[in-house]
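Beneath this line is the structure, given in structure tokens, with notes to follow.
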Amino acid sequence: MRLTKHLLILMLFASSSLFAVEEQSTENNLVAVANSNRLLQYYENGENKGPSIEILQAVLKEAQLDATVKFMPWVRAFSTAKNNPNTLIFSMIRTPEREADFHWIIQVSNLSRVFISLASKPENYVDTMQQAKHKLIATIVDSASYNELISHGFSEQENLYRVPDWEVMVTLFESGKVDLIYAEPNSIKHILERRGKESVTLRYKAIESKKELTSYIAINKSTDIEIVKRLQQAARKFEKTAEYNRLLFE
């Protein structure tokens with residue numbers, strides 16, 4: 001009888017310990033996926049860099065959580081975050097179509113999109129959606145830019161050329177194989193500068209305030225709500241710091 005009691009106590013202790021380990025493992029098993037963007041987040045010389053990375057790290061530290069950062073093409077990053085609990089994604093533009101699929105943690109940037117052409121090809125310059133429909137536009141599949149153009153009547157059969165990521169998009173654009181890019185101008189400039197193509201001049205319409213967009217760190221909707229609360233509470237605290245303002249507008 002005494003042996004049975006001891007055995008029960010040991011079993012209860014082991015099961016509670018296992019639960020604690022599993023709970024801790026779940027909390028520490030976060031993954032953060034992103035598409036490389038020199039303005040926001042990227043991997044270089046063995047380190048994750050960029051203002052969005054710094055914001056993510058600050059929020060995780062405040063929440064006492066860890067996450068493994070993985071860079072991948074946008075299509076895979078979005079699919080991974082949408083379909084897997086405990087998965088963060090950044091930097092993602094907040095749109096009505098995406099609202100219900102994620103918990104939104106913290107804003108990481110202000111962005112804007114315009115039609116960009118090469119100054120060396122003045123025939124490709126446009127300043128309206130209607131004019132752009134007569135051009136070939138490179139766009140990343142399932143990106144906010146792609147979805148916006150689709151909503152305005154653009155199509156892959158008529159005027160859109162789908163690409164997997166920014167690098168391919170800029171390569172096609174720079175070589176003249178597509179006429180336009182619908183994107184944030186500074187992102188394109190950074191890619192060209194990194195390639196040593198500072199002499200490539202871009203042309204685009206002045207950015208209107210209504211075109212300004214915001215991108216966020218978000219997390220899969222099915223993530224444990226306690227983890228979500230810890231991240232959101234940490235984010236609200238970090239938002240009040242001077243460091244956050246510096247990184248947001250860097």
Side-chain angles (χ1 to χ4, degrees), residues 20-112 143-144 165-166 184 186-187 190 212-250:
V21 170
E22 287 179 348
E23 184 176 46
Q24 183 178 12
S25 175
T26 298
E27 288 183 354
N28 293 329
N29 196 32
L30 297 179
V31 174
V33 296
N35 180 229
S36 182
N37 183 322
R38 296 291 294 191
L39 280 180
L40 302 174
Q41 65 273 330
Y42 59 98
Y43 182 80
E44 183 178 69
N45 298 327
E47 294 182 19
N48 297 320
K49 299 181 179 180
S52 295
I53 286 286
E54 293 187 51
I55 292 173
L56 173 67
Q57 291 172 339
V59 170
L60 289 170
K61 182 178 179 180
E62 180 65 34
Q64 297 185 323
L65 295 169
D66 295 313
T68 301
V69 176
K70 297 182 178 180
F71 287 98
M72 57 187 68
W74 169 253
V75 179
R76 185 152 64 95
F78 181 75
S79 177
T80 299
K82 184 177 180 180
N83 296 301
N84 293 279
N86 288 8
T87 304
L88 294 144
I89 184 169
F90 67 111
S91 301
M92 182 166 70
I93 295 172
R94 191 170 185 171
T95 65
E97 297 79 13
R98 295 170 177 169
E99 190 70 29
D101 292 323
F102 298 91
H103 293 287
W104 300 86
I105 305 301
I106 190 169
Q107 182 182 340
V108 292
S109 70
N110 291 303
L111 299 171
S112 56
S143 66
D165 55 45
W166 286 78
E184 206 285 320
N186 287 326
S187 298
H190 271 264
E212 292 180 355
L213 303 162
T214 55
S215 65
Y216 283 74
I217 295 172
I219 194 166
N220 178 278
K221 195 74 170 185
S222 298
T223 299
D224 186 326
I225 194 61
E226 291 306 315
I227 294 177
V228 175
K229 286 180 179 178
R230 284 170 64 176
L231 288 168
Q232 290 176 332
Q233 288 169 1
R236 300 298 80 78
K237 187 172 181 179
F238 183 59
E239 284 173 343
K240 298 176 182 178
T241 66
E243 179 69 3
Y244 173 67
N245 282 314
R246 179 186 71 81
L247 291 168
L248 184 62
F249 297 105
E250 189 173 77

Nearest heavy-atom pair of W74 and N35: which atoms, and what distance?
N-ND2, 3.6 Å
Short question: side chain of E99, backbone of R94 - any donor-acceptor pair under 3.5 Å?
no
Looking only at non-hydrogen atoms, find the nearest pair between S79 and N83 and report the distance.
O-ND2, 2.8 Å
Step by step, work out the side-chain contact (heavy atoms from CB on, under 4.5 Å) result for V59 and I217.
CA-CA 10 Å; V59 170; I217 295 172; 5.5 Å; no
Any donor-acceptor pair under 3.5 Å linking the side chain of T80 with the backbone of F78?
no
Approximate separation, where rounding is to 0.5 Å, of L231 CG and I105 CD1
5.0 Å
Would you check if L56 and V69 make a side-chain contact, meaning some heavy-atom pair closer than 4.5 Å?
yes
To the nearest 0.5 Å, what is the distance between CH2 (W166) and OG (S36)?
10.5 Å
Would the distance check show the side chain of S215 and the main-chain N or O of I93 forming a donor-acceptor pair, the cut-off being under 3.5 Å?
no
Drop me the distance from K240's NZ to N245's CG, to the nearest 0.5 angstrom.
13.0 Å
Taking atom NZ as the centre, does K221 end up with more than 12 heavy-atom neighbours from other residues, nucleotides or ligands that are less than 6.0 angstrom away?
yes
Under 6.0 Å from the NZ atom of K237, do we count more than 12 heavy atoms belonging to anything else shown?
no
Where do Q107 and I55 come nearest, in terms of heavy atoms and distance?
O-CD1, 4.3 Å
Residues Q41 and A34: closest non-hydrogen pair is CG-CB, 3.9 Å
Once rounded to the nearest 0.5 Å, what's the spacing between atom CG of L247 and atom CG of L40?
11.5 Å
Y216: which of F102, F90, W104 passes ring pair (Phe, Tyr, Trp, His ring centres under 6.0 Å):
W104
Specify the closest pair of heavy atoms between H103 and I225, including all atoms of both residues, with the distance to one decimal.
CE1-CD1, 4.2 Å
Approximate separation, where rounding is to 0.5 Å, of L88 CG and L30 CG:
6.0 Å
Minimum heavy-atom distance between N220 and K82, given as atom pair plus value
ND2-O, 2.9 Å
Can you tell me how far CD1 of I219 sits from CD1 of I89, rounded to the nearest 0.5 angstrom?
11.5 Å
For side-chain contact (heavy atoms from CB on, under 4.5 Å), just list the numbers for V33 and N84, CA-CA rounded to whole Å, side-chain angles, deciding distance to a tenth of an Å, and then say yes or no.
CA-CA 11 Å; V33 296; N84 293 279; over 6 Å; no
Between S109 and S91, a side-chain donor and acceptor under 3.5 Å
no
